[in-house]
Amino acid sequence: MTDVTHFEGAHGPKPRRVFSRRNIFLYGTLIMVALYYVLPLYVMIVTSLKGMPEIRMGNIFAPPVDITFEPWVKAWSQACTGLNCDGLSRGFWNSVQITVPSVIVSILIASVNGYALANWRFKGADVFFTILIFGAFIPYQIMLYPMVILLREMGIYGTLWGLVMVHSIFGMPILTLLFRNYFTSLPEELFKAARVDGAGFWGIYFQIMLPMSLPIFVVAMILQVTGIWNDFLFGVVYTKPDIYPMTVQLNNIVNSVQGVKEYNVNMAATILTGLVPLVIYFVSGRLFVRGIAAGAVKG
Amino acid sequence: MATGATKPFGLFRNMTAKIAAIPMILTALVVFAGGTIWTVVHSFTGSKLLPKLNWVGLDQYERLWNSNRWIVSIENLLIFGVFSLIFSLVIGFTLAALLDQKIRFENTFRTIILYPFAMSFIVTGLVWQWLLNPEFGIQSIVRDLGWTGFDFDPLYNQDIVIYGVLIAALWQGTGLIMVLMLAGMRGIDQDIWKASRVDGIPAWKTYLFIIIPMMRPVFITTLVIIASGIVKVFDLVVAQTSGGPGIASEVPAKYVYDSMFLRQNLGQGFAASTMMLLAVVIIIIPWAYLEFGGKKRD
């Protein structure tokens, strides 16, 4: 795939005057588009800062008259899902507990896979790799139930470690591809020199490959943290209510049928859930783009 | 006679690498290949609450295609699929072309248009559920502006609910398409532009007749990405409409989930997911052929 982190070298004709018709049209369109994309985020924030009476009377785009942080407090610590009324904080900590080990395990396994595929080609490796890549395109739905059986046989169905395993397995195709391509791009002489010096599989991995591949580890981490944090399907299938990740809990809070709809609490809860990936996105910038471009392959 | 036998040397060569690759081998064989075959095989059984091997032939498929809910799901997927393909490509390409005009603040615009992609489908679905709320959202705003007859309540109208989901999906995903297209444009030789400028060809014509044909590989990759995403659409519908009103916004992935985990009808779930696999295979095979078939393998 083309490297999408290089945005240098725009192609259009050089802009001349600042207020040419072309510029007004160009920037006008872009600003409208940007407003459209920002609007939902703005509405979320504004709604979450209003009280319910104000929401019922007014316009969703209007800025809040009386700013209140109560909806945020309520969303975090009091919102109800079923019988539990301890808010989204439970889902947040569950998601943290799920994401941290899943990210570490999946990246460790995939980086070793990628290294083995790039530097230690063995017979049959290509066959497994091809199946793995095809696996990235197979709809997860078809593997949902066999995975349930597998986890049940292992006695970890419905547990946190079961979900960690699921994320490691389904994250493997794209991460392995990412690491394989990266390790292949490193100069082969390094590997050969280390071999001559008598270093083995793990020696080369830890002493030569790891120190050289920090950037790709960061890309993989961004990709996995956002992907796993945003996951809904696996969370709802492979866990039980008391360890539901944040996305599942958010959906249960907002789409619950009982009770009066508190739109401000719902929007505060929605922002809270979107906050982690959003912060990662704004902080990581181009590395994020690189990660999603690689991750986009999985759809 | 004994020529084909593997020497022990071959098996034990690179032993550590092979051991290290065991998780990958197991995943590929057991979960991906094994799981897929298992589900396809069990789609020919009458499994209900638990998977059983009581063969019923094509019964599950017959029942599936006679189910109104499945037909609605397929129709929705087709409408959603066709429109999201067209709109993602057109919008993505247009935005990329706009950003390609040596503009200032390109980074800012790109960051803004791409940020929804960082959010989950659940968050996307819930925000748009709120924006499209007929009592408070866009409909009521336009009515307050004086156009009292304005009707726009896709989430409460069976006939157009899928377009409500489409709007949310486009908001979330077009940024990615734009980034991919932009990368494709930047990969094109500057000399092409110089030549077309010397010949006096207007920029839009250059994009349409020279750049787009040259970006064929990018378009194909993007197409595959969009298409395999469309087949999997699930969380967005669950969050935004829960499949409603009624069954008007059901999609195949939700049919599978509901059959397997809510209605204790595993056989139906297996049959439906096999149909999904078939759809993906139909998309993937021509692409794989185009991408890898023509060239000799390295």
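A, B, ... follow the sequence lines: proteins, then strands. Residue 1 opens every chain. Small disclaimer: the values here were computed from a predicted structure and weren't measured.
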Between A:Thr29 and chain B, with a heavy-atom cut-off of 4.5 Å, which part of the residue counts as in contact: side chain, backbone, both or neither? side chain
Examine whether an atom of B:Val280 lies under 4.5 Å from a heavy atom of chain A, and if so say whether it belongs to the side chain, the backbone or both; otherwise answer neither. side chain
Most contact-rich option vs chain A, by heavy-atom pairs under 4.5 angstrom, among B:Ile91, B:Val256, B:Leu126, is B:Leu126
Side chain from CB out, backbone as N, CA, C, O: work out which of these in B:Leu170 comes under 4.5 Å of a heavy atom of chain A, or both, or neither. backbone
Assess, by modelled atom type and distance only, whether the side chains of B:Asp100 and B:Tyr207 contain a donor and an acceptor separated by less than 3.5 Å. yes
Side chain, backbone, both or neither of B:Leu26 within contact of chain A (heavy atoms, under 4.5 Å): neither
Counting only non-hydrogen atoms closer than 4.5 Å, does A:Ile280 touch chain B with its backbone (N, CA, C, O), its side chain (CB onward), both, or neither? neither
Of the listed residues (A:Asn119, A:Val276, A:Ile271, A:Leu250), which shares the most heavy-atom pairs with chain B below a 4.5 Å separation? A:Leu250
Ring pair (Phe, Tyr, Trp, His ring centres under 6.0 Å) between A:Tyr281 and B:Tyr115: does it pass, once the steps are laid out? CA-CA 7 Å; A:Tyr281 172 70; B:Tyr115 89 88; 7.2 Å; no
Ignoring hydrogens and geometry, is there a side-chain-to-backbone donor-acceptor pair from B:Gln139 to B:Glu135 under 3.5 Å? no
Is it the backbone or the side chain of B:Ile113 that comes under 4.5 Å from a heavy atom of chain A, or both, or neither? both
Please check: side-chain N/O of A:Asp126 versus main-chain N/O of A:Thr130, any donor-acceptor pairing under 3.5 Å? no
A quick test of your reading: do over 12 heavy atoms of other residues, nucleotides or ligands sit less than 6.0 Å from CZ of B:Phe121? no
Output the option from B:Ala17, B:Gly35, B:Ala253 having the highest count of non-hydrogen pairs under 4.5 Å with chain A. B:Ala17
Examine whether an atom of B:Pro116 lies under 4.5 Å from a heavy atom of chain A, and if so say whether it belongs to the side chain, the backbone or both; otherwise answer neither. side chain
Derivation of the side chain to side chain contact (heavy atoms under 4.5 Å, CB included) call for A:Tyr115 and A:Ile204: CA-CA 10 Å; A:Tyr115 162 65; A:Ile204 299 178; 3.3 Å; yes
Is B:Met276 close to chain A through its backbone or its side chain, or both, or neither, when contacts mean heavy atoms under 4.5 Å? both
Would you mind telling me which of B:Thr274, B:Val281, B:Leu29, B:Thr108 has the largest number of heavy-atom pairs within less than 4.5 Å of chain A? B:Leu29
Polar contact flag, side-chain donor to acceptor under 3.5 angstrom, A:Asn266-B:Gln129: no
Which portion of A:Asn59 sits near chain B, non-hydrogen atoms under 4.5 angstrom: both
Could you check whether any side-chain N or O of B:Gln172 sits under 3.5 Å from a backbone N or O of B:Thr124, counting only pairs where one atom can act as donor and the other as acceptor? no
Judged by atom type as modelled, is there a donor-acceptor pair below 3.5 Å linking the side chain of B:Ser47 to the main-chain atoms of B:Ser43? no
Examine distances only and state if a side-chain atom of B:Ser242 and a backbone atom of B:Gly244 form a donor-acceptor pair shorter than 3.5 Å. no
Which portion of A:Ile55 sits near chain B, non-hydrogen atoms under 4.5 angstrom: both
In terms of heavy-atom proximity below 4.5 Å to chain B, should A:Trp202 be classed as side chain, backbone, both, or neither? side chain
Side chain A:Asn264, main chain A:Lys50, donor-acceptor under 3.5 Å: yes
From CG (B:Leu266) to OG (B:Ser259), nearest 0.5 Å: 9.0 Å
Please flag which part of A:Phe134 lies under 4.5 Å from any non-hydrogen atom of chain B: side chain, backbone, both or neither. side chain
From B:Ile226 atom CD1 to B:Thr174 atom OG1, the distance as rounded to the nearest 0.5 Å: 10.0 Å
So, are A:Arg56 and A:Glu262 salt-bridged, with charged N and O less than 4.0 Å apart? no
For atom OH of A:Tyr42, is the number of surrounding heavy atoms from other residues, nucleotides or ligands below 6.0 Å larger than 12? yes
Just so I understand: if I count every heavy-atom pair under 4.5 Å between each of A:Val236, A:Thr176, A:Leu144, A:Leu39 and chain B, which residue has the most? A:Val236
When only pairs under 4.5 Å are counted, which of A:Phe282, A:Tyr145, A:Trp229 shares the most heavy-atom pairs with chain B? A:Tyr145
Any donor-acceptor pair under 3.5 Å linking the side-chain atoms of A:Ser111 with those of A:Tyr205? yes
At a 4.5 Å cut-off on heavy atoms, which part of A:Ile60 comes close to chain B: side chain, backbone, both, or neither? both
Quick check on the 6.0 Å ring-centre criterion: do A:Tyr140 and A:Phe234 meet it? yes
Greatest number of heavy atom pairs closer than 4.5 Å to chain B - which of A:Met44, A:Met267, A:Met147: A:Met267
Options A:Val148, A:Asn255, A:Val112, ranked by heavy-atom pairs under 4.5 Å with chain B, top entry: A:Asn255
Toward chain A, the part of B:Phe136 with a non-hydrogen atom under 4.5 Å: both
With a 4.5 Å cut-off on heavy-atom pairs, point out which of A:Gly135, A:Gly200, A:Ala116 contacts chain B the most. A:Gly135
For A:Ile169, which atoms come within 4.5 Å of any heavy atom of chain B: side chain, backbone, both, or neither? both
In terms of heavy-atom pairs under 4.5 Å, which option from B:Thr206, B:Thr36, B:Ile138 contacts chain A the most? B:Thr36
Please flag which part of B:Thr111 lies under 4.5 Å from any non-hydrogen atom of chain A: side chain, backbone, both or neither. both
Which atoms of A:Val254 are under 4.5 Å from chain B, going by heavy atoms: the side chain, the backbone, both sets, or neither? side chain
Structural part of A:Phe201 lying under 4.5 Å from a heavy atom of chain B: side chain
Pair count under 4.5 Å, heavy atoms only, with chain A: among B:Trp130, B:Phe261, B:Trp38, B:Phe270, highest is B:Trp130
